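The structure appears right after this line, and notes come after that.
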Amino acid sequence: MADPKGFLTTGREVAKTRPVGERVKDWNEVYVPGSLLPVISKQAGRCMDCGIPFCHNGCPLGNLIPEWNDYAYREDWQAASERLHATNNFPEFTGRLCPAPCESACVLGISQPAVTIKNVEVTIIDKAWDSGDVTPQPPERLSGKTVAVIGSGPAGLAAAQQLTRAGHTVAVYERADRIGGLLRYGIPEFKMEKRHINRRIEQMRAEGTKFRTGIEIGRDLDARQLKKRYDAVVIAAGATTARDLPVPGRELTGVYQAMEYLPLANKVQEGDYVVSPVSAEGKHVVVIGGGDTGADCVGTAHRQGAASVTQLEIMPRPSEERPGHQPWPTFPMTYKVTSAHEEGGERVYAVSTTHFEGDADGRVQFLHLVEVEFKDGGFEQVPGTERKIPAQLVTLAMGFTGVDRENGLVEQFGLDLDARGNVARNADFETNVPGVFVAGDAGRGQSLIVWAIAEGRSAARGVDRRLTGASALPAPIKPTDRALTA
């Protein structure tokens with residue numbers, strides 16, 4: 001273990017954020033560069049010899065958290081990086097973007113603040129990149145088998161890297177103009193600078209993975225032709241069908257899905273635009289949806305110079321403490337203040353949008369809402385609570401309902417879907433079509449980045465077994481595994 005008394009002598013200390021007035025003027029990551037290094041070894045030393053590390057249960061990747069905490073405490077960064085990469089292809093992504101269910105399952109968290117596992121993780125990988133410990137790992141020999149991966153989000157990239165290292169020739173197909181999926185165009189720059197994606201892509205290219213951008217399977221290339229061209233196919237296209245809000249006024253200009261709004265802001269940072277075609281500058285912005293995507297819209301609107309930002313959530317305001325019905329080691333639904341919320345705006349809970357009101361030119365100007373109560377499995381409006389608020393830009397961040405059904409991919413492959421609109425698969429992550437596998441949100445539904453990477457790694461094992469008859473690749477999860485809940 002690390003420091004035997006660390007959890008008794010050291011309090012929890014997390015990464016410092018830059019002042020709000022400074023960071024809203026740029027798109028750099030919100031954290032103070034290098035602020036973790038002076039404290040992180042002692043923070044890693046808070047990891048206790050708990051006997052059964054329940055952090056392993058919280059994380060679907062099976063991360064060897066106590067081991068790399070011990071190495072970080074001893075400042076053996078190379079060994080820490082090796083243990084970190086043993087279970088996670090992209091710890092610089094999870095260390096920045098994951099909500100850390102491992103920390104919710106930390107044994108120390110029963111009686112005091114949990115170990116800062118996420119901060120230790122991101123420090124280890126950043127040190128590894130800086131010291132040159134992250135290098136390409138090309139295969140010793142090629143299998144002669146070919147694999148196509150559809151989608152370049154975390155699930156697709158993880159599957160591609162695993163299969164490339166196993167000796168297969170892998171090509172990743174991405175419909176966008178750049179690799180990364182939602183990591184590239186759904187996650188704002190202030191949460192994760194895209195240089196972290198770029199250097200991983202270069203590592204994967206050096207290992208032998210091929211990338212094909214601007215090609216949407218189903219539209220630009222028939223899925224049946226793809227299947228004939230490759231020995232196996234992995235579908236990692238995500239659950240990109242956004243949940244809509246069918247209320248009067250939805251058609252007004254200025255009402256957008258979050259994934260219509262956020263990518264444009266990221267394209268500005270990529271140099272494609274000088275100013276976003278859909279900007280919050282000088283506007284009253286309303287974000288419908290209280291999750292992480294909604295928070296991303298809030299932070300983006302702040303940086304674009306919104307006049308005001310209001311975030312709406314239909315559920316009641318969560319408790320700041322772990323609810324009794326969500327005991328340790330489950331991942332609790334608690335009140336969270338993200339970096340975007342620190343920057344301003346109003347959060348309104350237990351309300352539902354009734355309709356939008358526009359001007360004579362068809363542009364949204366107001367949003368009408370009403371307070372709601374959850375009763376008998378549904379929401380009921382509270383009479384007399386109707387009101388309207390200014391809304392010149394509205395983003396819908398209410399989640400996703402399943403895989404894209406409009407581009408032809410599902411029908412061309414002839415895939416079976418489950419009751420939730422996800423692509424059905426067996427224990428090896430293989431669909432009803434032999435040789436076609438599915439990983440990530442396309443098969444699981446909307447989930448966390450750690451689950452996506454775990455899915456990609458597990459599906460890679462299924463593909464490797466089909467192509468070679470056996471596999472030494474790890475499979476951290478089964479398709480039926482779910483997050484630890486009460």
Side-chain angles (χ1 to χ4, degrees), residues 60-61 145-160 162-163 168 170 172-175 181-182 216-219 221-244 399-467 469 471 473-485:
L61 283 167
K145 301 294 185 180
T146 58
V147 183
V149 176
I150 303 173
S152 66
L157 292 179
Q162 293 292 95
L163 290 167
H168 308 303
V170 181
V172 178
Y173 288 82
E174 169 57 53
R175 63 183 177 181
L182 289 184
E216 183 171 9
I217 307 302
R219 284 197 174 98
L221 178 62
D222 192 290
R224 289 161 290 205
Q225 295 179 2
L226 189 76
K227 187 175 184 303
K228 291 179 182 179
R229 190 180 299 178
Y230 294 88
D231 296 309
V233 176
V234 178
I235 299 171
T240 57
T241 301
R243 182 174 286 108
D244 213 331
F400 302 88
T401 60
V403 69
D404 190 340
R405 295 294 305 275
E406 296 182 358
N407 61 8
L409 183 148
V410 171
E411 287 70 25
Q412 291 168 16
F413 272 127
L415 301 171
D416 289 342
L417 302 181
D418 63 20
R420 299 176 66 88
N422 306 315
V423 180
R425 65 266 183 95
N426 64 17
D428 281 333
F429 291 79
E430 192 169 20
T431 70
N432 61 295
V433 182
V436 178
F437 296 74
V438 64
D441 291 1
R444 173 171 294 273
Q446 184 181 357
S447 191
L448 304 178
I449 184 172
V450 281
W451 283 95
I453 296 174
E455 288 248 343
R457 290 171 66 88
S458 299
R461 177 182 173 88
V463 174
D464 193 36
R465 284 183 57 182
R466 179 174 182 83
L467 295 180
S471 180
L473 294 177
I477 60 170
K478 300 175 183 176
T480 53
D481 286 346
R482 291 296 181 266
L484 193 63
T485 58

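Bear in mind that the values here come from a model prediction, so they are computed numbers and not experimental data. In this chain, numbering begins with 1 at the start of the sequence shown.
Annotation: side chain to side chain donor-acceptor pair (under 3.5 Å) contacts of S471 (sequence neighbours excluded): D464. Partners of R466 according to the side chain to side chain donor-acceptor pair (under 3.5 Å) rule, which considers only residues two or more places apart in sequence or in another chain, are E430. Applying the side chain to side chain donor-acceptor pair (under 3.5 Å) test to N422 and every residue at least two apart in sequence or in another chain returns nothing. For the salt bridge (Lys or Arg N to Asp or Glu O under 4.0 Å) test, no residue two or more places apart in sequence or in another chain qualifies with R243. Looking at residues two or more places apart in sequence or on another chain, you find a side chain to side chain donor-acceptor pair (under 3.5 Å) between D244 and R250. Every residue two or more places apart in sequence or in another chain that forms a salt bridge (Lys or Arg N to Asp or Glu O under 4.0 Å) with R425 is listed here: E455. A search for salt bridge (Lys or Arg N to Asp or Glu O under 4.0 Å) contacts involving R405 returns E411, not counting sequence neighbours. Take E174 and apply the side chain to side chain contact (heavy atoms under 4.5 Å, CB included) test, not counting sequence neighbours, and it matches S152, A176, I179. With sequence neighbours excluded, the residues forming a side chain to side chain contact (heavy atoms under 4.5 Å, CB included) with I449 are F93, T94, L97, C98, P154, L183, I453, listed by chain and number. Partners of Q412 according to the side chain to side chain contact (heavy atoms under 4.5 Å, CB included) rule, which considers only residues two or more places apart in sequence or in another chain, are D222, A223, R224. Residues passing the salt bridge (Lys or Arg N to Asp or Glu O under 4.0 Å) test with R482, sequence neighbours excluded: none.
Pairing each heavy atom of A475 with each of R461, the nearest pair is CB-CD, 3.3 Å. Here the shortest heavy-atom pairing between A442 and A237 reads CB-N, 4.2 Å. When all heavy atoms of A460 and A159 are compared, the pair lying nearest together is CB-O, 4.0 Å. Scanning both residues, P60 and A454, for their nearest heavy atoms gives O-CB, 4.0 Å. Closest non-hydrogen pair, A160 versus V172, comes out as CB-CG2, 3.6 Å. In terms of heavy-atom proximity, A459 sits nearest to A439 at CB-CB, 3.7 Å.
Contact annotation: the side chain of F429 never approaches that of V234 to less than 4.5 Å [non-hydrogen atoms, C-beta and beyond]. The side-chain heavy atoms of L467 and L163, taken from C-beta on, include no pair separated by under 4.5 Å. Between I150 and F413 the shortest side-chain heavy-atom distance falls below 4.5 Å. V436 places none of its side-chain heavy atoms less than 4.5 Å from the side chain of V423.
Without hydrogens or angle criteria, R457 side chain to I477 main chain gives no donor-acceptor distance under 3.5 Å. Within the 3.5 Å criterion, the main-chain N or O of G414 finds a donor-acceptor partner in the side chain of N432. Between the side chain of T431 and the backbone N or O of F437, no donor-acceptor pair lies under 3.5 Å. Between the side chain of T241 and the backbone N or O of T401, no donor-acceptor pair lies under 3.5 Å.
With rounding to the nearest 0.5 angstrom, the CD atom of Q162 is 5.5 Å from the CG atom of L473. Within the model, atoms CG of L409 and CZ of R175 stand 9.5 Å from one another, a figure rounded to the nearest 0.5 Å. Between N426 atom CG and T480 atom OG1 the span is 11.0 Å, to the nearest 0.5 Å.
Atom CZ of R465 is surrounded by 12 or fewer heavy atoms from other residues, nucleotides or ligands within 6.0 Å.
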**Q.** Verdict with reasoning, L417 to V403, per side chain to side chain contact (heavy atoms under 4.5 Å, CB included)
**A.** CA-CA 9 Å; L417 302 181; V403 69; 4.2 Å; yes
Got a list of side-chain donor-acceptor pairs under 3.5 Å for residues 225-233, not counting sequence neighbours?
from	atom 1	to	atom 2	distance (Å)
Y230	OH	Y173	OH	2.7
D231	OD2	T146	N	2.8
D231	OD2	T146	OG1	3.3

